[in-house]
**Q** 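Once you've had a glance at the structure underneath, I'll fire off some questions.
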Amino acid sequence: YNNEAIASCIFISILNIVEELDIARSCLILPFLLDDRTVNYLIKNEESELELELLIKEQSRLFVSFNKRYLSLLPITINSLMLLSKGNQIKIENKITYNDFLNIEGQKLGDRFMKIKQIIPKYLSMIEKYSTSQLYKILNIQL
C-alpha cells in the first residue's frame with residue numbers, strides 16, 4: 001500500500017515541478033502525502049488557501065501521528081530514492097535532481113496516486129515558504 005512504487009511516482013511528480021529537492025525535505029513528503037486522511041482533507045479544501053501552521057492547528061488529528069509516520073516511512077523514502085538513483089531517474093548529490101528519463105504523465109497509475117498527484121501543487125505551495133529546519137520543527141519531528 002505504502003510502497004516504493006507509489007513513493008517513486010510521488011518523487012518524480014514533485015521533481016517535475018520543483019526540479020531540485022533538499023534531501024532532508026524529501027523525507028517529509030511521504031508522511032504527508034501517503035496519509036489518506038490528509039490527502040482527502042486537502043482535496044475537499046482544494047479551492048481554499050491553506051497555511052501549513054493553520055492546517056496543523058485546525059486539523060491536529062491529522063498530525064498527531066506525523067512523527068510516527070515519518071519514522072515508519074523513512075525506509076521507503078530511502079529505498080525509493082535509491083531505486084530512482086540506480087535507475088538514473090534522479091541524481092543525489094547535495095540536492096536531489098531529476099534526470100527526466102521517465103515520463104509518467106498520462107500514465108494510469110491508479111486512483112490513489114491520482115488523488116495524491118492532484119494535491120501535490122497545494123502541498124508544495126504550503127511548504128515553500130518554510131526552511132527545512134522550520135518544517136521539522138512545525139511538524140514535531142523528533143530526530
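These numbers come from a predicted model, not from an experiment.
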**Q** With Asn79, which residues qualify under side-chain hydrogen bond (donor to acceptor under 3.5 Å, both in side chains), at least two apart?
**A** Glu4
**Q** Thr97 and Glu20: which non-hydrogen atoms are nearest, and at how many Å?
**A** CG2-CB, 3.8 Å
**Q** Sequence neighbours left out, what passes side chain to side chain contact (heavy atoms under 4.5 Å, CB included) with Gln59? Give chain and number order.
**A** Tyr41, Leu55, Arg61, Leu62
**Q** Does anything in residues 69-92 pair up under salt bridge (charged side-chain N to carboxylate O under 4.0 Å, His left out), and if so which pairs, sequence neighbours excluded?
**A** Asp35-Arg69
**Q** If you count every heavy atom of other residues, nucleotides or ligands that lies below 6.0 Å from Glu19 atom CD, does the total exceed 12?
**A** no
**Q** Are Ile116 and Tyr123 packed together at the side-chain level, in the sense that at least one heavy-atom pair is separated by less than 4.5 angstrom?
**A** no
**Q** Between Ser13 and Cys9, is there a donor-acceptor pair closer than 3.5 Å when you use the side chain of the first and the backbone of the second?
**A** yes
**Q** May I ask you to say whether Asp36 pairs ionically with Arg112, meaning some side-chain N is under 4.0 Å from a carboxylate O?
**A** yes
**Q** Tell me every residue that passes side-chain hydrogen bond (donor to acceptor under 3.5 Å, both in side chains) with Ser133, counting only those two or more places apart in sequence or in another chain.
**A** Ser131
**Q** Near Lys122 NZ, under 6.0 Å, is it more than 12 heavy atoms from other residues, nucleotides or ligands?
**A** yes
**Q** I'd like to check the side-chain hydrogen bond (donor to acceptor under 3.5 Å, both in side chains) partners of Gln118; sequence neighbours left out, ordered by chain and number.
**A** Glu46
**Q** Nearest 0.5 Å, please: how far is CG in Asn99 from CD1 in Ile90?
**A** 8.5 Å
**Q** Let's go through Leu21 and Leu15 carefully: what are the C-alpha distance in whole Å and the side-chain angles of both, what is the deciding distance for side chain to side chain contact (heavy atoms under 4.5 Å, CB included) to 0.1 Å, and is it a yes or a no?
**A** CA-CA 7 Å; Leu21 190 60; Leu15 286 166; 3.9 Å; yes
**Q** Who are the ring-ring contact (aromatic ring centres under 6.0 Å, His included) partners of Phe11, not counting sequence neighbours?
**A** none
**Q** What distance separates Leu74 CG from Leu30 CG, expressed to the nearest 0.5 Å?
**A** 9.5 Å
**Q** Can you sort out the partners of Asp22 under salt bridge (charged side-chain N to carboxylate O under 4.0 Å, His left out), two or more places apart, ordered by chain and number?
**A** none
**Q** If two hydrophobic side chains count as joined below 4.5 Å and joins carry through other members, does Leu73 share a cluster with Leu83?
**A** no
**Q** Hey, are the side chains of Ile76 and Asn3 touching, using non-hydrogen atoms and a 4.5 Å cut-off?
**A** no
**Q** Could you tell me whether a side-chain N or O of Ser85 sits under 3.5 Å from a main-chain N or O of Met82, the two making a donor and an acceptor?
**A** no
**Q** Do Val64 and Leu52 share a hydrophobic cluster (ILVMFWY, side-chain heavy atoms under 4.5 Å, transitive)?
**A** no
**Q** Identify, with sequence neighbours excluded, every residue that meets side chain to side chain contact (heavy atoms under 4.5 Å, CB included) alongside Ile141.
**A** Leu28, Phe66, Asn67, Tyr70, Tyr136, Leu139, Leu143
**Q** Distance from Ile17 atom CD1 to Leu124 atom CG, nearest 0.5 Å?
**A** 5.5 Å
**Q** For Asn140, which residues count as a side-chain hydrogen bond (donor to acceptor under 3.5 Å, both in side chains) partner, sequence neighbours excluded?
**A** none
**Q** Report the distance from atom CD1 of Ile12 to atom OG of Ser80, rounding to the nearest 0.5 Å.
**A** 9.5 Å
**Q** Could you check Ile14 against Leu33 for side chain to side chain contact (heavy atoms under 4.5 Å, CB included), going step by step and ending with a plain yes or no?
**A** CA-CA 11 Å; Ile14 288 175; Leu33 295 179; 4.0 Å; yes
**Q** Starting at OG1 of Thr132, measure out to CD of Gln134 and round the result to the nearest 0.5 Å.
**A** 9.0 Å
**Q** When rounded to the nearest 0.5 angstrom, what distance separates CD1 in Ile119 from NZ in Lys44?
**A** 13.0 Å
**Q** Mind checking what makes side chain to side chain contact (heavy atoms under 4.5 Å, CB included) contact with Leu54, not counting sequence neighbours?
**A** Glu51, Glu58
**Q** Under the side chain to side chain contact (heavy atoms under 4.5 Å, CB included) criterion, do Thr77 and Ile29 qualify, and how do the steps go?
**A** CA-CA 9 Å; Thr77 298; Ile29 293 170; over 6 Å; no
**Q** Is any side-chain heavy atom of Leu42 closer than 4.5 Å to one of Phe32?
**A** yes
